[in-house]
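Everything numeric here is computed off the predicted structure, so don't read it as measured data. Ligands are counted one by one from 1 in listed order, and the atoms in each one are counted from 1 as well.
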Amino acid sequence: MKKDGYKVAVVGATGAVGNMMINVLERRSFPVKEIVLLASGRSAGKTLKFKGTDHPVRELTDESFDGVEIGLFSAGGSISAKFAPIAAQAGCVVIDNTAHFRMEPDVPLVVPEVNPQAISGYTKRNIIANPNCSTIQMVLALKPLHDEGTIKRVVVSTYQAVSGTGKDALEEMLVQAREMASSIQWTKDDGLDKLWSGLSSFRTMETNVYPHRIAFECLPHIDVFLENRYTKEEMKMVWETQKILDPAIGVTSTTVRVPTFFGHSESINIETEKKITPERARELLSQAPGLKVFDEPAKNRYPLTALAAGEDFTLVGRIREDESIANGLNLWVVSDNILKGAALNAVQIAEILADQYL
Ligand code: A2P
């Protein structure tokens with residue numbers, strides 16, 4: 001650490017990720033000399049606690065970054081598109097949690113346990129991108145296996161928590177779940193037809209955040225659909241994995257929103273050049289930074305969102321051989337999407353910046 005403390009701004013401080021960023025800065029004792037909390041004009045006048053003291057939330061403007069050395073951005077892509085360059089111009093190093101800059105060649109895309117050396121490239125634009133939440137937890141698990149056996153191809157399906165969409169989505173899910181649970185008065189002694197008829201009135205439901213009801217439903221739709229019929233979330237997993245880990249890895253992805261609160265789950269199928277047995281994979285994964293192996297199926301011990309939520313580590317389990325090919329593995333990986341998937345990863349980047357570069 002070259003300095004005693006830094007002036008740090010959190011953009012989107014009132015949001016799900018922004019809130020967690022403030023929390024992680026405090027919990028990890030990041031050297032903050034002064035904290036600047038920024039959000040929309042709607043939040044101006046509110047206060048948020050940092051280290052036991054109330055700090056005002058200010059409206060984000062062009063002048064917000066005077067003297068700010070590190071800016072943690074999490075207020076959406078369009079806000080980053082406009083304000084990250086303004087902050088960078090003012091001398092602030094931006095760590096951006098949105099997708100806006102991730103694939104730009106002169107912007108490093110960093111998971112500290114995987115490619116910390118990439119941080120040095122921040123000087124080109126004064127911007128570092130935090131990868132997509134589903135990519136971060138996947139590359140954490142892929143890295144030690146790639147180093148050992150060279151991954152050729154990855155087939156991933158995600159089961160992503162509603163908190164990834166933000167607070168509005170969490171509220172929408174709870175309101176829908178409450179309404180359904182109280183309206184469908186069904187017990188196991190009733191006929192299934194009664195359940196069907198109760199459910200039928202919720203087949204279409206007015207929604208604000210998602211295009212369909214999320215309570216008791218799985219939506220194979222995260223972010224927008226692209227011309228190739230994949231969603232942008234799916235393609236982010238492809239592009240970002242290749243940028244962070246290795247452009248030669250083939251990745252195909254299906255991303256699904258499921259009605260869980262915190263913690264994304266992923267079913268990951270890996271094909272390697274060199275054979276890695278499940279025993280060896282277990283060994284490699286248990287030594288890798290940021291991961292915890294949770295793989296005792298006989299005791300019903302495997303990664304769950306309830307175990308990963310609120311934790312810094314990413315859980316890996318259900319480690320099995322893919323018996324349909326010569327060199328294949330299957331994994332189940334769960335991580336707190338707001339923590340390692342967003343706020344923690346951003347603060348870890350800030351720690352390396354402060355320690356080695358600023
Ligand atoms: P605000 O609370 O004032 O709307 P989430 O992803 O949990 O919904 O949070 C989004 C975050 O982005 C919030 O902190 C929100 O602030 C912030 N935000 C949204 N629009 C703007 C804007 N135009 N300028 C600054 N911050 C914004």
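- Open room surrounds OH on Tyr230; 12 or fewer heavy atoms of other groups in view lie less than 6.0 Å from it.
- Remark: aromatic rings of Tyr159 and Trp332 are close, center separation under 6.0 Å.
- Side chain of Glu266 to main chain of Thr158: no donor-acceptor pair is present (N/O by atom type, distance under 3.5 Å, no hydrogens or angles).
- Ser40 CB, 3.6 Å is the protein heavy atom nearest to atom 21 (C) of ligand 1.
- Just one of Asp147, Leu140, Val139 meets the side chain to side chain contact (heavy atoms under 4.5 Å, CB included) condition when paired with Lys143; it is Asp147.
- At least one N or O atom of Ser43 sits closer than 3.5 Å to an N or O atom of ligand 1.
- Ring centers of Phe73 and Phe65: under 6.0 Å apart, within the cut-off.
- Among all non-hydrogen protein atoms, the one lying nearest atom 7 (O) of ligand 1 is Ala16 N, 2.8 Å.
- The Gly12 neighbourhood of ligand 1 comprises atoms 11 (C), 12 (O), 14 (O), 17 (C), with distances under 4.0 Å to a heavy atom of that residue.
- Between Leu60 and ligand 1, no N or O atom pair is found at a separation short of 3.5 Å.
- Counting atoms of ligand 1 from 1 in the listed order, those under 4.0 Å from a heavy atom of Gly166 are 6 (O), 7 (O).
- For atom 8 (O) of ligand 1, the closest non-hydrogen atom of the protein is Lys167 N, 4.0 Å.
- Judged by a 6.0 Å distance limit and a 45° cone about the ring axis, Lys292 is positioned over the six-membered ring of Phe313.
- The nearest heavy-atom contact from the protein to atom 9 (O) of ligand 1 is Gly15 CA, 3.2 Å.
- Closest to atom 17 (C) of ligand 1, if we only count protein heavy atoms, is Ala75 CB, 3.8 Å.
- With ligand atoms numbered from 1 in the order given, ligand 1 contributes 4 (O), 19 (C), 20 (N) to contacts under 4.0 Å with heavy atoms of Arg42.
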Steps toward side-chain hydrogen bond (donor to acceptor under 3.5 Å, both in side chains) verdict (Asn330, Ser267)
CA-CA 7 Å; Asn330 283 307; Ser267 158; 5.6 Å; no
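- The backbone N or O of Thr231 sits less than 3.5 Å from a side-chain atom of Glu234, completing a donor-acceptor pair.
- Residue Asp168 has no nitrogen or oxygen atom sitting less than 3.5 Å from a nitrogen or oxygen atom of ligand 1, judged on distance alone.
- When only non-hydrogen protein atoms are considered, atom 13 (C) of ligand 1 lies nearest to Thr14 OG1, 3.4 Å.
- The environment of Gln117 atom CD is dense: over 12 non-hydrogen atoms of other residues, nucleotides or ligands sit within 6.0 angstrom.
- Looking from atom 22 (C) of ligand 1 to the surrounding protein, the closest heavy atom is Ile79 CD1, 3.3 Å.
- In this structure, Gly76 falls outside the shell of residues with a heavy atom less than 4.0 angstrom from ligand 1.
- Pairing each heavy atom of Ala161 with each of His264, the nearest pair is N-ND1, 2.9 Å.
- Ligand-side atoms of ligand 1 in range of Ala13: 14 (O), range being under 4.0 angstrom from any heavy atom.
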